[in-house]
Amino acid sequence: MSESSLPEFSLSGKVALVTGAGRGLGQGIALSLARAGADVAVADLDPAGAEETAAQVRALGRRSLALAVDVARQDSVQAMVAKIVEGFGHLDVAVNNAGVIGIHKVGELTVEEWDRVLNVNARGVFLCCQAELEPMRAQRWGRIVNVASIAGKVGFPDLSHYCASKFAVVGFSNALAKEVAREGITVNALCPGIVGTGMWRGEQGLASRWRQAGESEAQSWERHQASLLPQGEAQTAEDMGQLAVYLACAPHVTGQAIAVDGGFSL
Ligand SMILES: NC(=O)c1ccc[n+]([C@@H]2O[C@H](COP(=O)([O-])OP(=O)(O)OC[C@H]3O[C@@H](n4cnc5c(N)ncnc54)[C@H](O)[C@@H]3O)[C@@H](O)[C@H]2O)c1
């Protein structure tokens, strides 16, 4: 292949939004998009986290806007998109990443806990897509990446409501991709495997809560990587950022649920 025919993964001149970007995967994805040339709006329930990531985006020489949002609330999501369009003039790439998890057996799962997880992970993705579509439709160009999970492809015990929410993201993304396929907009689901963010590590993380008797948090984290993942090691936020950049550039990849999970799922 000659150098001039190499594919170009440049987002120069594009405006991107990442939700849940105050830390973890969202932060890594926001920085990857910025490195690829995009200006990035950073939205999170935690305004301090959003400010911190926005400062890192600006340090890369891109414009950024830190926004407080609760993706489960329609008024909050609509205000977020309106501020981006007002501030930057357009919205081209949206990575709907905000998500929460809980560990419960179905017998003990309360309706409140079911609603908490489904409202952020599934309703939040629907509300964000609905609001983001408006400016994308007007310009007949858009890239939407909804962050699902390997738990959107395979069931895990004790995570039934989380799995239900992520399967919903995968199905919703495929259906929406077909709705907007003739409007210059692609919609895909990105399915991370396991990444050592706050969701897995620390006091409240899965590694701590799934410890076996006598096992430390770090040992549990090592065991989960070794036993779950064919490659035997966790993925990184940068892995997810690379796929998000690719999906933000690719014109003909749509309706897919693509895993970055070291060979775990199909
Ligand atoms: N870490 C993993 O191994 C892993 C694996 C598969 C999928 N995921 C998914 O990746 C996404 C990011 O996860 P993470 O590991 O970075 O988690 P994290 O807990 O480290 O970060 C999640 C971020 O989302 C924000 N958030 C939570 N509720 C919100 C709301 N209602 N509105 C706006 N922001 C909200 C939090 O403030 C936080 O900054 C989630 O959708 C998660 O389900 C993570």
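Predicted model, so just to flag it, every value in this text is computed and none were measured.
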Polar side chain donor-acceptor pair, N146 to S173, under 3.5 angstrom: yes
Do L11 and V145 land in one hydrophobic cluster if side-chain heavy atoms of ILVMFWY residues count as linked below 4.5 Å? yes
No-hydrogen, no-angle side-chain donor-acceptor test under 3.5 Å, D261 and Q231: no
Separation between CD1 of I103 and OG of S160, rounded to the nearest 0.5 Å: 11.5 Å
Quick check on F172: does its CZ atom have over 12 non-hydrogen neighbours (other residues, nucleotides or ligands) under 6.0 Å away? yes
With a 3.5 Å distance limit and no angle check, can you tell me whether E179 reaches the backbone of L176 through a side-chain donor-acceptor pair? no
Any side-chain heavy-atom pair of V85 and P135 under 4.5 Å: yes
The test is side-chain contact (heavy atoms from CB on, under 4.5 Å); show your working for V245 and L33 and say whether it passes. CA-CA 6 Å; V245 168; L33 294 170; 4.0 Å; yes
Can you confirm whether S76 sits close enough to V71 that some side-chain heavy atom of one is under 4.5 Å from a side-chain heavy atom of the other? no
side-chain contact (heavy atoms from CB on, under 4.5 Å) evaluation trace for I194 with L228: CA-CA 9 Å; I194 73 176; L228 267 178; 4.2 Å; yes
The reported gap from CD in Q27 to CD1 in I29 (rounded to nearest 0.5 angstrom) is 11.0 Å
Do you reckon M240 sits in the same ILVMFWY cluster as V187, going by side-chain contacts under 4.5 Å, direct or chained? no
Roughly how far apart are D92 CG and I144 CD1, rounded to 0.5 Å? 11.5 Å
With side chains defined as the heavy atoms from C-beta onward, is the minimum distance between Q74 and Q130 less than 4.5 Å? yes
For the residue pair F264 and F156, categorise the inter-ring angle as parallel (less than 30°), tilted (30 to 60°) or perpendicular (more than 60°). parallel
Hey, mind stepping through E132 and L17 against side-chain contact (heavy atoms from CB on, under 4.5 Å) and telling me if it holds? CA-CA 9 Å; E132 293 152 2; L17 156 67; 3.4 Å; yes
Same apolar cluster (I L V M F W Y, side chains within < 4.5 Å links), V147/L31: yes
Linking I/L/V/M/F/W/Y whenever their side-chain heavy atoms sit closer than 4.5 Å, directly or via other members, would L229 and L25 fall into one cluster? no
Are any of the side-chain heavy atoms of L127 and C129 separated by less than 4.5 Å? no
Between D39 and R63, is the salt bridge (charged side-chain N to carboxylate O under 4.0 Å, His left out) condition met? List the steps. CA-CA 5 Å; D39 294 324; R63 293 183 299 164; 3.0 Å; yes
Interatomic distance, W141 atom CH2 to T186 atom OG1 [nearest 0.5 angstrom]: 7.0 Å
Is it true that K83 and E86 make a salt bridge, defined as a side-chain N closer than 4.0 Å to a carboxylate O? no
From R73 atom CZ to L45 atom CG, the distance as rounded to the nearest 0.5 Å: 9.5 Å
Residue pair H90 / Q139, side-chain donor-acceptor N/O under 3.5 Å: no
Look at the side chain of Q256 and the backbone N and O of T254, then say whether any donor-acceptor pair between them is shorter than 3.5 Å. yes
Is the closest side-chain heavy-atom distance between V100 and Y162 below 4.5 Å? no
Between E52 and Q56: side-chain donor-acceptor atoms closer than 3.5 Å: yes
Between the CD1 atom in I185 and the CZ atom in R137, the distance rounded to the nearest 0.5 Å is 6.0 Å
So E113 and E108, do their side chains get closer than 4.5 Å, heavy atoms only? no
Return yes if a side-chain donor-acceptor contact under 3.5 Å exists between E217 and S208, otherwise no. no
Please determine whether residues V95 and M80 belong to a single hydrophobic cluster, defined as Ile, Leu, Val, Met, Phe, Trp and Tyr linked transitively by side-chain heavy-atom distances below 4.5 Å. no
4.5 Å side-chain heavy-atom contact, I101 and V117: no
Is there a side-chain contact (heavy atoms from CB on, under 4.5 Å) between W200 and V195 once you walk through the steps? CA-CA 7 Å; W200 265 95; V195 187; 5.8 Å; no
Taking the side chain as C-beta and beyond, is there a heavy-atom pair between W221 and Q225 under 4.5 Å? yes
